[in-house]
Colleague: 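Shown below is the structure under consideration.
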Amino acid sequence: MLTYQGIRFPSDGEGPVRETSVNPFYNDATTVTNEEFKRFVEDTGFQWRLLLG
């Protein structure tokens, strides 16, 4: 858990170490450039700002 001058922040999601599992996922061999992402958003209408909450 993150602390700052002895103050704990439980809402940061950090806490005691615990085991977990993750479903398999795909990781591309190369990164996506800003230009490629811009083109993807324009072509698909993807609303990436919704991901920011």
Colleague: Apply side-chain contact (heavy atoms from CB on, under 4.5 Å) to F40 and list each qualifying residue two or more places apart in sequence or on a separate chain.
Modeller: F37, T44, F46
Colleague: Tell me if the CG atom of N34 is crowded by more than 12 foreign heavy atoms within 6.0 Å.
Modeller: no
Colleague: If the condition is salt bridge (Lys or Arg N to Asp or Glu O under 4.0 Å), which residues does E35 pass it with, not counting sequence neighbours?
Modeller: none
Colleague: Under 4.5 Å between side-chain heavy atoms, chaining through other members, with only Ile, Leu, Val, Met, Phe, Trp and Tyr counted: pull out the rest of the cluster around V22, sorted by chain and number.
Modeller: F25
Colleague: Please list, chain by chain and in numerical order, all residues satisfying side-chain hydrogen bond (donor to acceptor under 3.5 Å, both in side chains) with T33, sequence neighbours excluded.
Modeller: E36
Colleague: Under the side-chain contact (heavy atoms from CB on, under 4.5 Å) rule, collect the residues that match up with T30, sequence neighbours excluded.
Modeller: D28
Colleague: Would you please name every residue forming a side-chain hydrogen bond (donor to acceptor under 3.5 Å, both in side chains) with Q47, sequence neighbours left out?
Modeller: none
